[in-house]
> 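Below you'll find the structure I mean.
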There are 2 protein chains.
Amino acid sequence: MQVKDVPGSSGRTVVTIDPNETIADVVDLLKEYSIGAIVVSQDGKTIDGIISERDVVRHLAREHEGTLRVKVEDLMTATVSTCQLDDNLEATMGVMTAGRFRHMPIVDSGNELCGLISLGDLVTARLQALEAALDEGTAAGD
Amino acid sequence: MQVKDVPGSSGRTVVTIDPNETIADVVDLLKEYSIGAIVVSQDGKTIDGIISERDVVRHLAREHEGTLRVKVEDLMTATVSTCQLDDNLEATMGVMTAGRFRHMPIVDSGNELCGLISLGDLVTARLQALEAALDEGTAAGD
């Protein structure tokens, strides 16, 4: 299986936020789109970072007040692992579980943002494939 | 497979918080224990509710200021689905994905809190079992 076999891995608009916006804007977008992380990008194509609800909560624990006024670029994770649509699904899951992150942007061959997958999406797809393979009584599926 | 087959489903101390504490205490505990949700309980045995990092971020989006001073009991989810150690793993995963929650307390036969599992824990265990079954070339595993 490849990343593109995950439902929703392509064809959906990726929510992005400018690095100069604030955490107040982040929490509004997370709620509006019912998502757990947002790709940080100035032009919607080049990835500057990623910011998650966990980042927000961890900062709240550290500083308590003022978190909502912090700029996105000061709290985001700037070093972002990405994948491509034809990457192997298991390898991608391995990268996410090893790095302990739940979201990974998908980029095209020109390294431009084209999607975002969550660990939950990946795992659900992999589970369905494994169960289908078991039903067929084969050891195939990849 | 049963819930008790999930690594970490038993034998770990469950972090709890009193319903009269505040969201400031919640975010501190979430950070201290590197967890995503906390069981709300006055005595550490009876479950009053559950509160997650998502609950905190959603409230921040709604009210922005003052979230850290909100009492746990005013933001927690009071109706909590629970499971037992001998519950079927797939059925438990189904309840969690259908209800869209990531954490579920485990209770003993006396309905007292004895553990907490995350969807990630469950899915990892199920994936390992399915892959082992495929390796054996059988359709068994449950």
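All chains are named by letter (A, B, ...) in the order of the sequence lines, taking the proteins before the strands, and each is independently numbered beginning at 1.
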> Report, by ascending residue number, the residues of residues 52-60 of chain B in heavy-atom contact with chain A at a distance under 4.5 Å; give 'none' if the set is empty.
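The list, in residue order, reads B:E53, B:R54, B:V56, B:V57, B:R58, B:L60.
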> In terms of hydrophobic clustering (I, L, V, M, F, W, Y; side-chain heavy atoms under 4.5 Å; direct or indirect links), are A:L116 and A:V107 co-clustered?
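Same hydrophobic cluster.
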> Do you reckon B:M76 sits in the same ILVMFWY cluster as B:V15, going by side-chain contacts under 4.5 Å, direct or chained?
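Linked within one cluster.
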> Using heavy-atom distances under 4.5 Å, tell me whether A:L68 contacts chain B through its side chain, its backbone, both, or neither.
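For A:L68, the side chain is the part near chain B, not the backbone.
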> Could you state whether A:Y33 and A:I17 fall into the same hydrophobic cluster, counting links through intermediate Ile, Leu, Val, Met, Phe, Trp or Tyr residues with side-chain heavy atoms under 4.5 angstrom apart?
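Yes, one cluster joins them.
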> In terms of hydrophobic clustering (I, L, V, M, F, W, Y; side-chain heavy atoms under 4.5 Å; direct or indirect links), are A:L30 and A:I51 co-clustered?
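In one cluster: yes.
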> Counting heavy atoms not belonging to A:K31, are there more than 12 under 6.0 Å from its NZ?
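Above 12, so yes.
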> Do A:V95 and A:I117 belong to the same hydrophobic cluster, where Ile, Leu, Val, Met, Phe, Trp and Tyr are linked whenever their side-chain heavy atoms lie under 4.5 Å apart, directly or via other members?
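Yes.
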> What are the two closest heavy atoms between B:V27 and A:A61, and how far apart are they?
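Residues B:V27 and A:A61, closest heavy atoms: O-CB, 3.3 Å.
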